[in-house]
J.: 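Have a look at this one.
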Number of protein chains: 2
Amino acid sequence: MASNLKEGTSNAQNRQLLSAWCSVNDVLRDISPRWKMVLLHGITHGVAQFSRLKQAFPTLSDQVLGQRLAELVAEGLVEKTVVAATVPTQIHYAPTPKGRALLTIIDALQHWGEQDWSRDHP
Amino acid sequence: MASNLKEGTSNAQNRQLLSAWCSVNDVLRDISPRWKMVLLHGITHGVAQFSRLKQAFPTLSDQVLGQRLAELVAEGLVEKTVVAATVPTQIHYAPTPKGRALLTIIDALQHWGEQDWSRDHP
DNA sequence: ACAATAACTCACCCGAAAGTGAGCCTCTTC
DNA sequence: GAAGAGGCTCACTTTCGGGTGAGTTATTGT
């Protein structure tokens with residue numbers, strides 16, 4: 001993570017360009033990874049542990065679950081709390097205000113998606 | 001496009017599962033492709049032709065531009081109008097009500113992203 | 001002694017997203 | 001008669017997201 005500086009492939013360049021042009025592109029990239037918003041929703045609604053989430057979404061791999069949780073924590077959308085420091089360390093996740101605010105917008109998106117746009121409107 | 005039924009790679013399966021669990025996943029997938037929302041924004045603000053968009057985003061390839069425009073049209077976010085049926089066919093794009101409604105939510109997302117969540121709030 | 005348990009992490013692989021270059025179509029201009 | 005204009009589309013290549021399986025940690029139940 002500290003030694004590779006090439007980064008010239010224009011794929012990465014374009015990503016940076018978009019970030020620079022408008023910050024919304026970063027937000028879109030942050031919220032679109034698969035499972036992420038679903039996990040945020042689950043955590044907010046009480047499914048707040050690694051193993052509980054695993055049960056809730058059996059087809060989701062440990063690998064990706066761990067990664068998504070780490071992202072959510074890193075972006076300040078959920079908070080991680082150690083419940084029991086015993087050996088199988090138990091951990092509890094809870095949404096931050098930021099995370100809850102995001103969910104509101106996500107709800108709006110869902111609403112938008114389900115709306116019938118065939119008839120004209122105000 | 002009509003003959004391939006295999007679809008067993010679990011990558012695709014999971015995508016379908018997510019769609020089935022919550023429609024918001026489809027929306028997220030639809031809005032997250034690179035350039036898409038930026039293009040929608042541009043079109044809404046008067047940059048409404050293929051070549052104009054090309055100029056506005058020089059690093060975006062024709063290939064992807066064409067594809068994104070087609071998606072936007074297919075999803076009913078923008079409308080395509082033939083301006084001049086002369087040989088270099090001129091075409092004009094304009095956002096639909098649905099497209100404008102989406103931009104509103106995208107704005108909310110941007111706002112959310114730019115907000116300072118470090119201090120507590122109501 | 002050995003499986004199970006909670007929460008991860010590592011090495012590997014495959015398909016999809018997105019980038020590049022060229023081609024096409026007909027009409028007008030140099 | 002060649003080039004350029006406008007709007008695409010095709011073939012090819014690279015990057016990266018996300019999937020799988022196995023390994024790690026220490027303690028407890030059988």
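First the proteins, then the strands, lettered A, B, ... as listed; each starts at 1.
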J.: Check whether any side-chain heavy atom of A:Val27 lies under 4.5 Å from a side-chain heavy atom of A:Leu102, and answer yes or no.
T.: no
J.: Any non-hydrogen side-chain atom of B:Lys54 less than 4.5 Å from a side-chain atom of B:Asp62?
T.: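 A side-chain contact under 4.5 Å exists here.
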J.: State the CD1-CG distance between A:Ile31 and A:Leu72, to the nearest 0.5 angstrom.
T.: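 Result: 12.0 Å between the selected atoms.
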J.: Name the residue closer to the 5' end of DNA chain C, choosing between A:Ala70 and A:Asn14 according to the nucleotide with the nearest heavy atom.
T.: A:Ala70
J.: Is there a donor on the side chain of B:Gln63 or the base of D:dC10 sitting less than 3.5 Å from an acceptor on the other?
T.: yes
J.: Establish, with yes or no, whether the OP1 or OP2 oxygen of D:dG19 is under 4.0 angstrom from a side-chain nitrogen or oxygen of A:Thr59.
T.: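 Looking at the OP1 and OP2 atoms of D:dG19, neither is under 4.0 Å from any side-chain N or O of A:Thr59.
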J.: Rounded to whole Å, how long is the line connecting atom NZ of B:Lys80 with atom P of D:dC8?
T.: 4 Å
J.: Does B:Ser51 have a side-chain nitrogen or oxygen under 4.0 Å from the phosphate oxygens OP1 or OP2 of D:dG7?
T.: yes
J.: May I have the distance from B:Arg52 (atom CZ) to D:dG7 (atom C1'), rounded to whole angstrom?
T.: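 From B:Arg52 CZ to D:dG7 C1': 15 Å.
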J.: Do B:Val82 and B:Gln90 come within less than 4.5 Å of each other through their side chains, counting heavy atoms only?
T.: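 Not touching, per the 4.5 Å side-chain cut-off.
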J.: Base, sugar-phosphate alone, or nothing: which one does A:Arg29 contact when heavy atoms must sit under 4.0 Å apart?
T.: sugar-phosphate
J.: Check the distance between D:dA11's C1' and B:Asp62's CG and give it to me in whole angstrom.
T.: 15 Å
J.: Given C:dA16, D:dG19, C:dA7, identify the nucleotide with an atom nearest to the side chain of A:Arg34.
T.: D:dG19
J.: Using a cut-off of 4.0 Å on non-hydrogen atoms, how would the nucleic acid contact of A:Gln67 be classed: base, sugar-phosphate, or nothing?
T.: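 No contact.
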J.: Would you mind reading off the distance between A:Leu65 atom CG and C:dC8 atom C1', rounded to a whole angstrom?
T.: 9 Å
J.: Just to be sure I understand the rule, does A:Lys36 reach a base, reach only the sugar-phosphate, or reach nothing, if contact means heavy atoms closer than 4.0 Å?
T.: nothing
J.: Is the distance from OP1 or OP2 of C:dA18 to the nearest side-chain N or O of B:Arg68 less than 4.0 Å?
T.: yes
J.: C:dC8, D:dG19, D:dC8: which one has an atom nearest the side-chain heavy atoms of A:Tyr93?
T.: C:dC8
J.: Find the distance B:Leu69:CG to D:dG7:C1' and express it as a whole number of Å.
T.: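 It is 10 Å, rounded to the nearest whole Å.
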J.: Of all the nucleotides listed (C:dC8, C:dA16, D:dA5), which has the minimum atom distance to the side chain of B:Pro88?
T.: D:dA5
J.: Closest approach of A:Leu69 and A:Phe50, non-hydrogen atoms and distance?
T.: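 Distance-wise, the nearest heavy atoms are CD1-CD1, 3.8 Å.
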J.: Using a 4.0 Å heavy-atom cut-off, does A:Ser61 contact any base of the nucleic acid, only the sugar-phosphate backbone, or nothing at all?
T.: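 Answer is base: heavy atoms of A:Ser61 come under 4.0 Å of a base.
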J.: In whole angstroms, how far is the C1' atom of D:dG19 from the CH2 atom of A:Trp35?
T.: 11 Å
J.: Among the nucleotides D:dG19, C:dA7, D:dG6, which one has an atom lying closest to any side-chain atom of B:Asn11?
T.: D:dG19
J.: Calculate the interatomic distance between A:Ile91 atom CD1 and D:dT25 atom P; express it in whole Å.
T.: 17 Å
J.: Return the value, rounded to whole Å, for the distance between atom CD of B:Gln90 and atom P of D:dG7.
T.: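 Atom-to-atom, B:Gln90 to D:dG7, this comes out as 6 Å.
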J.: Tell me whether A:Glu75 is salt-bridged to A:Lys36, with the criterion being a basic N under 4.0 Å from an acidic carboxylate O.
T.: yes
